Number of protein chains: 4
Amino acid sequence: MARSGDSVDVRVRRSKAAVLAQTYELLTAGGIGGVSIEEVSRRSGVAKTTIYRHWPSRAALLVEACSTIGSAPAVPDTGSFDGDLTALTEELAEQLRSARWATVLPSIVDAAEREPELAGLHADLHARLMAPFGVVAERARARGELRTDRGPADVTAAVAGPLFYRRWFSREPLDAVFVARVVEDALGHLGVQPRST
Amino acid sequence: MARSGDSVDVRVRRSKAAVLAQTYELLTAGGIGGVSIEEVSRRSGVAKTTIYRHWPSRAALLVEACSTIGSAPAVPDTGSFDGDLTALTEELAEQLRSARWATVLPSIVDAAEREPELAGLHADLHARLMAPFGVVAERARARGELRTDRGPADVTAAVAGPLFYRRWFSREPLDAVFVARVVEDALGHLGVQPRST
Amino acid sequence: MARSGDSVDVRVRRSKAAVLAQTYELLTAGGIGGVSIEEVSRRSGVAKTTIYRHWPSRAALLVEACSTIGSAPAVPDTGSFDGDLTALTEELAEQLRSARWATVLPSIVDAAEREPELAGLHADLHARLMAPFGVVAERARARGELRTDRGPADVTAAVAGPLFYRRWFSREPLDAVFVARVVEDALGHLGVQPRST
Amino acid sequence: MARSGDSVDVRVRRSKAAVLAQTYELLTAGGIGGVSIEEVSRRSGVAKTTIYRHWPSRAALLVEACSTIGSAPAVPDTGSFDGDLTALTEELAEQLRSARWATVLPSIVDAAEREPELAGLHADLHARLMAPFGVVAERARARGELRTDRGPADVTAAVAGPLFYRRWFSREPLDAVFVARVVEDALGHLGVQPRST
DNA sequence: CAGTAAACGAGACGGTACGTCCCGTCTTATG
DNA sequence: CATAAGACGGGACGTACCGTCTCGTTTACTG
């Protein structure tokens with residue numbers, strides 16, 4: 001019995017890999033609406049039949065294809081909450097500027113708005129993206145740098161709120177000045193004294 | 001004189017109205033992706049030919065249909081920046097909870113991300129939604145309640161950032177407690193002393 | 001009062017003429033199926049409205065446009081039935097080879113098959129085309145060259161039958177040899193002794 | 001091995017059959033101009049897509065639908081050319097009076113006049129309709145009843161010319177008297193002595 | 001290492017939507 | 001009041017994908 005999860009037919013593995021790769025490609029290029037089984041099949045060389053055999057619906061395929069998206073970068077450890085938050089925020093800003101998922105997120109948000117199947121996907125992705133802030137927050141709390149009535153969610157919101165708003169709603173550039181100010185304000189919110197400047 | 005731009009054929013007026021109404025209906029129900037010329041034609045009773053006569057493309061139709069969306073509510077005038085902002089923020093939160101445009105916005109953001117034709121639409125809509133904050137900010141500045149280095153955009157961002165983030169990204173409820181805190185924080189950011197409560 | 005048939009508005013006359021001309025053009029180019037009010041309007045510069053004012057239906061317009069088609073050539077008078085028939089047959093063969101109506105007739109026959117409105121048109125055209133044979137036949141009968149139990153219809157059929165069959169059904173060339181033979185055979189049928197050659 | 005060209009997908013066979021049947025129906029009802037892919041699809045229950053998959057164009061569909069039309073009746077064998085020709089001519093006259101193809105032929109002739117794609121169709125149909133005359137002629141020639149300088153085409157023309165002319169051009173009834181006379185005349189043309197009367 | 005069960009490709013199928021074209025009717029405004 | 005201009009509903013066009021389905025053929029695992 002031993003191997004059971006692994007003993008997948010080689011062909012299956014190959015097909016799934018090819019399909020997921022192309023789905024991801026289409027996803028980042030055209031958002032959720034840009035992914036069609038037809039096109040995935042055409043590009044991957046995997047027959048439509050096969051795709052539907054492995055994923056019961058387009059949504060299922062999208063969910064799996066998104067599961068690799070936006071995998072969190074290393075959590076920084078500068079020694080201070082202040083430093084960690086700055087590093088994390090700059091990283092997030094950078095990703096919002098250039099990462100593939102930044103182009104795709106709105107379409108996922110939209111999908112989550114009306115297809116329950118995809119709402120979970122949105123939640124997962126969001127959790128994954130925000131996880132590092134949680135880690136940093138916990139660490140800071142443990143060190144006594146963060147008030148106990150301020151949790152990870154507050155930290156996340158304090159940073160992501162302004163950044164996301166600027167990226168997708170006001171559509172102004174996410175320049176260094178702006179990012180610095182976001183960090184400063186966030187620290188203020190959270191009742192943390194910036195170490196210096 | 002007088003009539004010139006108005007003297008549009010009655011039939012044209014009727015057709016356009018019917019089409020726009022149904023487009024709006026479909027839009028709020030299924031987002032941008034849920035609007036198809038075929039369905040609009042079917043529901044409005046206006047022939048597809050006629051629709052294409054008035055709007056060269058689906059995008060053009062969407063733009064016009066969205067132009068009525070999210071028309072700003074009356075700007076409150078409570079006498080203080082504090083009061084105005086509170087009223088405005090509560091109103092925005094309420095709309096985010098229930099207004100039709102709140103369901104549609106993500107699909108517009110997504111569209112703006114890849115169809116330049118629709119990016120303008122997004123900008124317009126955003127401006128319309130945020131206009132009241134600008135009015136209130138200007139008024140406050142005139143009254144000396146708001147520092148001169150803080151403009152309308154700052155006010156808007158301070159409120160909309162958290163609200164939007166919560167509505168579409170963290171997907172937690174926009175309850176009264178949260179809204180109150182947003183206002184409080186915003187005032188803090190803006191360097192305004194809350195009057196009392 | 002007085003003049004009443006003539007006192008047609010100049011504009012009416014001009015419009016009708018332009019419309020009929022273009023209808024005829026389209027008719028000879030594409031048969032009955034090739035005539036559309038839309039196209040006639042476009043080419044003639046006369047508004048569709050105007051066309052429908054003057055002709056209640058497409059059929060009516062076609063009928064009038066066809067009334068000029070295939071106007072009979074001069075009836076030959078060589079002095080003998082033999083000679084007349086030869087001349088007439090050669091003329092008919094020539095027209096079948098090149099005249100505009102030869103291209104159009106099948107579509108008229110087809111139309112006559114299912115649209116009663118156009119059946120009359122077919123009858124008229126046919127009568128017009130065949131009239132000369134009638135004249136020649138009568139003349140021959142008067143001269144005693146043609147048996148009294150053979151009338152114009154017999155003469156017409158004896159010549160047109162083979163010619164038409166060849167033109168539209170067997171689709172072989174209407175060459176001189178064939179035409180000569182048709183005349184010879186026809187004379188045989190009709191019980192007329194060819195004079196000599 | 002046997003089946004090879006036969007082993008067509010059952011579904012394909014069914015679809016094609018349904019489509020051809022309805023095409024034939026529309027064809028006989030309204031001529032070539034009365035056939036629209038849309039209507040064929042609607043009546044046959046076969047999707048438009050599927051129709052276009054099997055036939056690249058309306059013309060191709062018509063060609064195939066016509067290929068079954070006017071399939072020749074049994075060739076009579078009365079023992080004499082005289083008898084055979086009489087039987088065949090009466091049969092043809094009967095068909096011209098009532099057969100479905102008799103209503104359709106003019107539209108095919110018309111189409112052949114301008115659409116090369118359909119000219120072949122006309123030729124095929126004509127050949128099919130006239131084949132029996134060829135058989136009878138050959139048989140008669142073998143028996144010495146028909147002069148060697150008169151071939152099938154002559155026989156065909158001698159009979160079909162008058163019949164077709166009467167059916168579609170003079171539009172007089174194809175009564176028994178007329179048919180008898182056509183046979184008599186044809187035999188005369190062909191230099192055959194009627195056996196008796 | 002043979003037999004078998006699965007995985008697979010190819011593609012038929014019924015649909016829906018597309019955007020275009022032309023139809024014949026009807027309304028409006030101009031000359 | 002004849003006309004030009006053109007809006008309108010309707011229908012067909014041929015194309016592109018969609019997701020479902022039925023095949024016949026590999027091909028990798030297993031007994």
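These figures come from a predicted structure and were not determined experimentally. Computation of the quantities below employed the complete heavy-atom set of this structure, encompassing side-chain atoms and omitting hydrogens, waters and symmetry-equivalent molecules. Within every chain, numbering begins at 1; the chains are lettered A, B, ... in the order of the sequence lines, protein sequences first and strands thereafter.
Counting non-hydrogen atoms under 4.0 angstrom, Ser15(C) reaches the backbone sugars and phosphates but no base. Nucleic acid contact for Arg58(C): sugar-phosphate only, since backbone atoms but no base atoms lie under 4.0 Å from a heavy atom of the residue. In this structure, Val10(D) reaches neither bases nor backbone, as no heavy-atom distance under 4.0 Å exists between it and the strands shown. Contacts of Arg14(C) with the nucleic acid, taken as non-hydrogen atoms under 4.0 Å apart, are absent. Thr49(A) comes within 4.0 angstrom of a base, heavy atoms only.
Note that CG of Asp110(D) and OG1 of Thr103(C) are 10.0 Å apart. Values are rounded to the nearest 0.5 Å. Rounding to the nearest 0.5 angstrom, the gap separating the CD1 atom in Ile108(A) from the CG atom in Leu121(A) is 5.0 Å.
Each of Val35(C), Leu27(C), Leu20(C) was checked for a side chain to side chain contact (heavy atoms under 4.5 Å, CB included) with Val40(C), and the lone residue meeting it is Val35(C).
When the C1' atom of dC8(F) is taken as reference, atom CZ of Arg13(B) falls 16 Å away, rounded to whole Å. For the pair Tyr52(B) OH and dC22(E) P, the interatomic distance rounds to 17 Å; values are reported in whole Å. Regarding Trp55(A), its CH2 atom lies at a distance of 13 Å from the P atom of dA7(E), rounded to whole Å. Rounded to whole angstrom, the span from the CD atom of Glu38(B) across to the P atom of dG10(F) amounts to 13 Å. Between the CG atom of Leu26(B) and the P atom of dA17(E) there is a distance of 10 Å, given to the nearest Å. Distance CD1 (Ile51(B)) to C1' (dA17(E)): 13 Å, rounded to an integer number of Å. Distance Arg11(A) CZ to dT27(F) C1': 5 Å, rounded to the nearest Å.
A donor-acceptor contact shorter than 3.5 Å links the side chain of Trp168(B) to the backbone of Ala102(B). Side-chain N or O atoms of Thr28(A) include one that pairs as donor or acceptor with a backbone N or O of Tyr24(A) at under 3.5 Å.
Side-chain N/O atoms of Lys48(D) and base N/O atoms of dG14(E) include no donor-acceptor pair closer than 3.5 Å.
Closest-nucleotide positions on DNA chain F for Lys16(B) and Arg53(D) were compared, and the one nearer the 5' end corresponds to Lys16(B). Both Ala47(A) and Arg42(C) lie close to DNA chain E; mapped to their nearest nucleotides by heavy-atom distance, the more 5′-ward contact belongs to Ala47(A).
Between dA7(E) and His54(A), no contact under 4.0 Å exists linking OP1 or OP2 to a side-chain N or O.
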